[in-house]
A.B. asks: 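Right, I'll just put the structure down here and ask away after.
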Protein chains: 2
Amino acid sequence: MPRGSGKVNLVDVARQAGVSLATASRVLNGSTRSVGAELRERVRQAAAKLDYSPSAPAQAMARGGTDVVGLVVPDISDPYFSTIAASIVRNAEPHGLIITLASTERRFEREAEYVASLRSQQARGIVLVGSRTTNEEQLEALRAELEAYTTAGGRAAAIGQHKLPADTVIVENRSGARALAEELVALGYRRFAVLAGPADLLTARDRLVGFREGLRRHGVEVAARDVINGEFTRDGGYEAASELLERGREPECVFAVNDVMAVGALSAFRDRGVRLPDELAVAGFDDIASLRDVWPSLTTVRIPLERLGEQALGFLLDEPAERSRTRRFRGEVVVRASTPPLR
Amino acid sequence: MPRGSGKVNLVDVARQAGVSLATASRVLNGSTRSVGAELRERVRQAAAKLDYSPSAPAQAMARGGTDVVGLVVPDISDPYFSTIAASIVRNAEPHGLIITLASTERRFEREAEYVASLRSQQARGIVLVGSRTTNEEQLEALRAELEAYTTAGGRAAAIGQHKLPADTVIVENRSGARALAEELVALGYRRFAVLAGPADLLTARDRLVGFREGLRRHGVEVAARDVINGEFTRDGGYEAASELLERGREPECVFAVNDVMAVGALSAFRDRGVRLPDELAVAGFDDIASLRDVWPSLTTVRIPLERLGEQALGFLLDEPAERSRTRRFRGEVVVRASTPPLR
DNA sequence: AGCTCTTTGGAAAACGCTTTCCTAATTGCT
DNA sequence: AGCAATTAGGAAAGCGTTTTCCAAAGAGCT
C-alpha cells in the first residue's frame, strides 16, 4: 500500500522515527554498528509506514560501487546466448546482483561501447560473451576499454574469447569437433561438406579446424569448395545449405558448425526434396536444448552452456587474481538420428 | 589507451583544462548553455587526455533520474521471451536506454520484488512480461509495488498481463485460438486433445477457451479428460503428451497451447512410435522462429513478437497518458505440415 | 559616451546516501 | 567510588554530478 506523496528519503524516515539520519541509515543497511532495539524498531516502522525505498544511485555514490553486472552478448534471441544469459541471471540473483543486458546484434564494434557504458555505470563486473576476433583494430579498442575498466576497479570475464585482459571461460571447440569428425568417420562417412559460419569468428574457425584434423587422422579431406561460409544463424545455415546444393556437391554428411545453422540446413535440404537422414546426414554443434526436438534429431557436440555462465560469474565473484585465469570446458559427442550408420 | 591512475572525475578534468567545474560539465553534457569555442575545446581535450568517464550514479542523483529500463520476464531462455527481450533491447539502444534484465524463473512472487528493486534503482521504466494471474494476493502485492513505482514517477508497461496499473500490450489469444480451431475443423479434424499449460496462467487459459469456442461453432467439443495441464515448457509438453497417450486417448489432432510445448509433444509422440503427421496431427501457438525447422513443421498461430516489445517500449517513451492504454495484437493462423488435411 | 541587453564563466547549493569522527552515557574493573 | 573501556547516538564530511544564481564583460542602442 504505497503512500503517494512525492519521494521519501532517509531524512524523512529519520524525522518520522525521531532519530538522526545516521541512525536511520545504520538500521536500514544492517551496518556493523549496533543500534538499540527500541530505536531500531522505530526506524523500521517509520520506513515501512512511509514506504521508503532507498536510492540506489545515492547508495552507489556513497559506497563507491554498485551491484550491477553487465552482460554483453551478440544476440540475446539466439538460444546459445540466451541459455548462457539465463544461467548468469539465475546465479547472480542470490548474490543480490543486478544484471544489465546488452545485445550487440553481432556488431563487434559495439562491444567496446558497451564496456565504456558499463564503466560509466560503475558496474562491478562485466561478462563478455564471445564474438569476432580477427579485426585487430577493433579488438585493440575493446582491450583498451576493458583495461580502463579493470584499472578503475571493475572485474571482467569473457566467454569464448581468448586474448582479452579478463578471466576467460573457453569451450574446447577444436577437440570437440575433432572427436565428432572421428565419430562420423566411424559411422562410415567419407565425403563431407561443412557449413562453416563467418570466416572471422574464432569459434567457427576452431570448429572447422578441429573437424578437419579429426578427418585427416583417417585420411579424409574436405575440399575448399565443400566449405561454405555464411552467417552464424538459422538463416545463414539455410542459405549455406542451399548454396551447397546449387554447387552440385554431393556429400554424404554435412557438418554445420553450430546447431542453429544445422536446423536451418535441415529445412533447406527438406525444401529441396532431400530425404533426411538417409540420403544425407547432418551434424551440428552445441546441443541446444530447444532444438532437441527437430527431426531427424541432431548428432552434435554437447556444450555445458549453463556451466559456462556459472563459471564466468564465479570469476567475477572470486578474489581478483594477479594473472587472468582460464577455465576450459570440453564438449561431448552425442550421436542421434541425423547421422545413421552409413549403408 | 587508458590512463591507469585511480578514478578521474570532472573536477580533475576542469583543473586540467583550467576552467571551472561548471564549465566542464556544460561542455561535456551538451547543455543548452553555450560555452566559448576555445574553452570547449580545452575541456574536450582534457577529458580525452584523462580518459574521463562520467559517473552514472552521480549523474542520476543530480539529474534525478536514470536511463535504465527494467525488463522482467518469466524465463529468458524461453524463445518466446528472448525474442521479446531482443526486440526491446534493439529498440532501446537508439534512445540511449540501458536494459536491466530480471528473469523470475516463472516464480510469480518475485515480480513484485523486482519491481521494488527497479524503483530503488530509479529506473525510468519497467516492462513486465506476462505471468500468472490467478493468485489474487500476489497480484495485489504486484499492483501495490507498481503503483508505488509509478507514483514515484516511473513508467510501466505490461505485455500479456491485464489488470495491472500499467499500459498494456495484449495478444488476442482467444480469437487466435478460435481461428485455429476453425481451421482445423475445416481440415477435417473432429477429435481433439489439448495440452493446456498451467491452469493459473491467463495466456494458457485464454487459448484453451478460444479453442473450444472455435470448435463449438462447428458442434465439436473436447472432453475434460482430453485436456491436460502441465508446465508451459518443452518438458511440460513432453510430459503432457505422454500422459495423454497413457490415458489411452486417441485424438486425431493435439493442440498444444504454445509452440514450445508442441515440439516437446512431437518428441513424446515420436518416442512412442506414433507416425507424424499422418497418424496424429499437432498444432501449436506463437510461431517461434527458432522452432520453424522442426518436422513436421508446425501449424500454429503467428504472434508478432517483435512488435510486442516495440510497442511496450513505445508506451514507456510516449508522453504519459492519464488513463492506461491498451494495444492489442492479433495472431494469424499458419497451416503447415503438422496438420495435413484429414483422410 | 552612457545605457541596457546578452553572453559567458564561476561559486555554491542540491541530490540521498554512508561513514568517520565526536560526545555522552553506560559498563566493568579495582 | 573512581577510572578506563566500551557502547550508542548525532553532526558533518564526503561521493561526483547538474544547475541555479551571480557577476563580469562585451554588444547594440540612442
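In what follows, chains carry the letters A, B, and so on, assigned in the order in which the sequence lines appear, proteins first and then strands, with residues in each chain numbered from 1. Keep in mind it's a predicted model, so treat the numbers as computed, not measured.
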A.B. asks: In this structure, how many angstroms lie between the P atom of C:dC17 and the CG atom of A:L28, rounded?
C.D. replies: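 Taking CG of A:L28 and P of C:dC17, I get 9 Å after rounding.
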A.B. asks: Is B:G36 touching bases, backbone alone, or none of the nucleic acid, heavy atoms closer than 4.0 Å?
C.D. replies: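 B:G36: backbone/sugar contact only, no base atoms under 4.0 Å.
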A.B. asks: Is A:N29 close enough to C:dT18 that one of its side-chain N or O atoms is under 4.0 Å from OP1 or OP2 there?
C.D. replies: yes
A.B. asks: What does B:L21 touch in the nucleic acid at a heavy-atom separation under 4.0 angstrom: a base, only the sugar-phosphate, or nothing?
C.D. replies: base
A.B. asks: Could you check A:A22 against B:A62 and say which one's nearest nucleotide on DNA chain C is further toward the 5' end?
C.D. replies: B:A62
A.B. asks: Salt bridge check: are B:D318 and B:R155 linked by an N-O gap of less than 4.0 Å?
C.D. replies: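 Looking at B:R155 together with B:D318, the answer is no, because their closest N to O distance does not fall below 4.0 Å.
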A.B. asks: CG of B:L10 versus P of C:dG10: gap in Å, rounded?
C.D. replies: 13 Å
A.B. asks: Round to the nearest Å and state the distance from A:L39 atom CG to D:dT7 atom P.
C.D. replies: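 That distance rounds to 17 Å.
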A.B. asks: Calculate the interatomic distance between A:Q122 atom CD and D:dG16 atom P; express it in whole Å.
C.D. replies: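 After rounding, the reported distance stands at 8 Å.
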A.B. asks: Go through D:dG9, D:dG16, C:dG9 for me and flag the one nearest to the B:N9 side chain.
C.D. replies: D:dG16
A.B. asks: Roughly how many Å is it from CG in B:D12 to P in D:dC15, rounded to a whole number?
C.D. replies: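 It works out to 11 Å between those atoms.
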A.B. asks: Do the side chains of A:L308 and A:Y80 get nearer than 4.5 Å, heavy atoms only?
C.D. replies: yes
A.B. asks: Could you walk me through whether B:V8 and B:D51 pass side-chain contact (heavy atoms from CB on, under 4.5 Å), step by step?
C.D. replies: CA-CA 8 Å; B:V8 175; B:D51 191 25; over 6 Å; no
A.B. asks: I want to check something: taking the side chain as every heavy atom from C-beta on, are B:L164 and B:R143 in contact at a cut-off of under 4.5 Å?
C.D. replies: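 In short, these two side chains touch, coming nearer than 4.5 Å.
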A.B. asks: Kindly point out which of C:dT18, D:dG9, C:dG10 is positioned nearest to the side chain of B:R26?
C.D. replies: C:dG10
A.B. asks: Can you tell me if A:S120 uses its side chain to pair, donor with acceptor, with the backbone of B:P54 under 3.5 Å?
C.D. replies: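 Here the side-chain-to-backbone pair exists.
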A.B. asks: Reckon A:T23 has a side-chain N or O less than 4.0 Å from the OP1 or OP2 of D:dG9?
C.D. replies: no
A.B. asks: Would you mind reading off the bend of the helix from C:dA1-D:dT30 to C:dT30-D:dA1 from its two end axes, five pairs each, to 10 degrees?
C.D. replies: 30°
A.B. asks: In whole Å, I'd like the distance from the CZ atom of A:R40 to the C1' atom of D:dG9.
C.D. replies: 13 Å
A.B. asks: Starting at CG of B:L50 and ending at P of D:dG16, how long is that distance when rounded to a whole Å?
C.D. replies: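 In whole Å, D:dG16 P and B:L50 CG are 14 Å from each other.
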A.B. asks: Let me know the distance between OH of A:Y52 and C1' of C:dC17, rounded to the nearest Å.
C.D. replies: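 Those two atoms, OH and C1', are 7 Å apart.
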A.B. asks: Identify, residue by residue, the members of residues 53-61 of chain B with a heavy atom below 4.0 Å from DNA chain C, and return them in order of residue number, or none.
C.D. replies: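 Under 4.0 Å from DNA chain C: B:M61.
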A.B. asks: Check this for me: does any side-chain nitrogen of one of A:R90 and A:E306 sit under 4.0 Å from a carboxylate oxygen of the other?
C.D. replies: no
A.B. asks: Are any of B:S25's side-chain N or O atoms less than 4.0 Å away from OP1 or OP2 of D:dT18?
C.D. replies: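 For D:dT18, OP1/OP2 do have a side-chain N/O of B:S25 under 4.0 Å.
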A.B. asks: Is A:L118 close to A:V72 at the side-chain level, that is, under 4.5 Å between some pair of heavy atoms?
C.D. replies: yes
A.B. asks: Under the criterion side-chain contact (heavy atoms from CB on, under 4.5 Å), I'd like the reasoning laid out for A:I159 against A:F329: C-alpha separation, chi angles, the key distance, then a yes or no.
C.D. replies: CA-CA 11 Å; A:I159 297 183; A:F329 285 95; over 6 Å; no
A.B. asks: Grab the two heavy atoms, one from A:A24 and one from A:A14, that are nearest each other, plus how far apart they are.
C.D. replies: CB-CB, 4.0 Å
A.B. asks: Applying side-chain contact (heavy atoms from CB on, under 4.5 Å) to B:L317 and B:R124, what does each step give before you reach the verdict?
C.D. replies: CA-CA 9 Å; B:L317 295 171; B:R124 180 143 130 197; 4.3 Å; yes
